[in-house]
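Remarks on the structure that follows.
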Amino acid sequence: MGNCRSQITHPALGAIDLGVGVRLDTPVILAPMSGVTDLPFRRTAKQLGTGMVVSEMIASWAMIRENRKTLDMAEIDGAGGISAVQLAGCDPAAMAEAARVAVDKGAHLIDINFGCPVKKVAVGQSAGSALMRDETAAAAILGATVRAVGVPVTLKMRMGWDHGSLNAPRLARIAQDVGIRMVTVHGRTRQQFYTGSADWDFIARVRAAVDIPVIVNGDIVTEEDAADAMRRSGANGVMIGRGCYGRPWFPAQVAYYLRTGTHLPDPPLARQKSIILVHYEAMLSRFGASAGVRLARKHLSWYSRGLPGSAEFRHAMNRLPDAASVRSLLDRFYDPLIARGAVRHRPTRAEALAAEAA
């Protein structure tokens with residue numbers, strides 16, 4: 001990227017007061033990502049300076065039934081600051097009850113998902129981004145949830161179902177009118193899924209439509225992206241998804257850049273290894289040895305990217321069946337690199353955008 005982007009001016013990254021004692025001091029938020037932002041990853045990101053973390057999307061009906069797995073997904077990270085639980089559903093009463101359960105379990109904030117594009121949710125359950133097609137139903141869900149709990153309720157959505165129905169500004173106004181305290185907009189339509197590029201300029205239309213804070217989301221994988229997204233959208237903060245793969249320290253780097261205009265270096269490789277080991281042990285403790293080894297593979301793969309020999313490391317690591325063998329491989333891979341002062345190559349923008357969750 002050219003040097004011109006480092007000179008981007010943008011709105012100041014100020015605190016957001018959501019009311020009822022909930023204040024977001026650093027509005028740089030880890031996006032909810034299915035299969036990625038489980039409790040160990042949220043806790044790791046929070047401890048490294050992320051302003052707020054959000055649970056993986058949770059179905060309202062599963063929360064009401066107090067499904068064991070669902071309650072585990074909603075557990076609060078316990079690392080201080082604000083922790084949010086994101087809910088999805090199409091029935092106002094069920095969403096309201098699910099929100100009450102989440103708050104009883106310690107949620108500081110309830111986020112409602114009107115953005116999930118996957119077919120099972122948006123078509124099969126008439127939830128997620130499908131609700132952008134029915135503003136009456138959307139308003140009923142938002143209002144019922146707001147009335148059900150004493151904590152702030154926020155909304156995450158897309159620009160619209162498709163480019164023929166870009167109704168996010170109107171839906172944001174509806175949300176504000178029923179008591180939603182903040183809106184996050186992913187700069188794509190449902191029909192785009194994750195193809196094309198996020199339209200940060202469109203989000204300025206949402207910002208102009210409401211008085212509540214707006215968060216810009218989509219394709220923020222460098223510090224310069226965050227500044228550019230805020231400038232073009234006029235948003236009050238940023239939400240980051242794929243840019244955090246293997247970089248749970250990235251939101252803190254973004255916050256530092258937005259406040260100072262200078263880059264905060266990646267942690268030294270020895271520190272990265274320490275972070276990885278703590279995260280890995282947390283996954284084993286959380287999910288058990290067998291599941292933990294499997295679930296950690298994607299994270300360990302992302303952490304290793306940009307290091308010499310990382311492809312060979314990933315190939316070997318993905319074949320190991322037990323935690324002790326993985327720990328040993330981590331030592332054999334990282335320790336020589338640390339000893340010779342190796343530096344991890346930061347992903348280019350194209351590399352980060354191409355990262356897959358699998």
Side-chain angles (χ1 to χ4, degrees), residues 31-32 34 54-65 70 84-102 109-149 152-196 198-199 202-203 205-218 239:
S34 179
V54 186
S55 75
E56 298 171 85
M57 184 185 70
I58 297 172
S60 56
W61 62 266
M63 179 68 83
I64 293 171
R65 295 177 186 177
T70 299
V85 168
Q86 188 183 77
L87 299 174
C90 59
D91 178 70
M95 286 288 286
E97 181 58 26
R100 283 190 285 265
V101 172
L109 181 152
I110 299 297
D111 187 60
I112 297 177
N113 184 305
F114 282 4
C116 180
V118 301
K119 185 175 181 180
K120 184 174 84 168
V121 175
V123 178
Q125 301 173 15
S126 298
S129 56
L131 287 160
M132 297 197 71
R133 304 177 79 182
D134 188 341
E135 294 174 5
T136 299
I141 288 168
L142 296 171
T145 308
V146 168
R147 292 189 297 272
V149 294
V153 179
T154 62
L155 171 65
K156 186 173 189 289
M157 61 179 170
R158 290 187 166 228
M159 298 192 301
W161 180 262
D162 55 31
H163 278 87
S165 55
L166 298 176
N167 63 332
R170 188 167 61 248
L171 190 54
R173 170 62 72 175
I174 291 170
Q176 176 178 280
D177 289 346
V178 300
I180 294 296
R181 303 295 182 94
M182 183 172 75
V183 173
T184 298
V185 184
H186 182 117
R188 287 182 173 87
T189 67
R190 184 270 173 181
Q191 297 297 65
Q192 284 181 281
F193 284 78
Y194 296 97
T195 62
D199 188 346
F202 176 86
I203 297 172
R205 293 166 56 182
V206 179
R207 184 71 187 91
V210 294
D211 300 316
I212 57 177
V214 173
I215 305 296
V216 58
N217 173 231
M239 177 178 281

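No hydrogens, no waters, no symmetry mates; every other heavy atom, side chains included, goes into these values. None of the values given here were measured: they were computed from a predicted structure.
The shortest side-chain heavy-atom distance between Met132 and Arg190 does not fall under the 4.5 Å cut-off. Here the side chains of Ile58 and Leu87 are in contact, with some heavy-atom distance below 4.5 Å. Contact annotation: the side chain of Asp199 never approaches that of Arg188 to less than 4.5 Å [non-hydrogen atoms, C-beta and beyond].
In this structure Arg207 satisfies the side chain to side chain donor-acceptor pair (under 3.5 Å) test together with Asn236, sequence neighbours excluded. For Asn167, the side chain to side chain donor-acceptor pair (under 3.5 Å) partners two or more places apart in sequence, or in a different chain, are Glu135. For Gln191, the side chain to side chain contact (heavy atoms under 4.5 Å, CB included) partners two or more places apart in sequence, or in a different chain, are Trp161, Asp162, Thr189. Every side chain to side chain donor-acceptor pair (under 3.5 Å) that Arg100 has, sequence neighbours left out, goes to Glu97. Not counting sequence neighbours, the partners of Asp177 by the side chain to side chain contact (heavy atoms under 4.5 Å, CB included) test are Arg173. Considering only residues two or more places apart in sequence or on other chains, Thr154 meets the side chain to side chain donor-acceptor pair (under 3.5 Å) condition with Asp111. Annotation: side chain to side chain contact (heavy atoms under 4.5 Å, CB included) contacts of Ala208 (sequence neighbours excluded): none. Residues that satisfy the side chain to side chain contact (heavy atoms under 4.5 Å, CB included) test with Ala59, not counting sequence neighbours, are Trp61, Ala62.
A distance of 9.5 Å separates CZ in Arg181 from CG in Leu109, rounded to the nearest 0.5 Å. One finds the NZ atom of Lys156 at 11.5 Å from the CE atom of Met182 (value rounded to the nearest 0.5 Å). Atom CD in Gln86 sits 7.0 Å away from atom CE in Met57 (nearest 0.5 Å).
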Taking distance alone, no hydrogens or angles, what donor-acceptor pairs closer than 3.5 Å link side-chain atoms of residues 139-148 to residues at least two apart or in another chain?
residue, atom, partner, partner atom, Å
Thr145, OG1, Ile141, O, 2.8
Arg147, NH1, Gly143, O, 3.4

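Phe202 does not carry Arg158 over the face of its six-membered ring by the limits of under 6.0 Å from the centre and within 45° of the normal.
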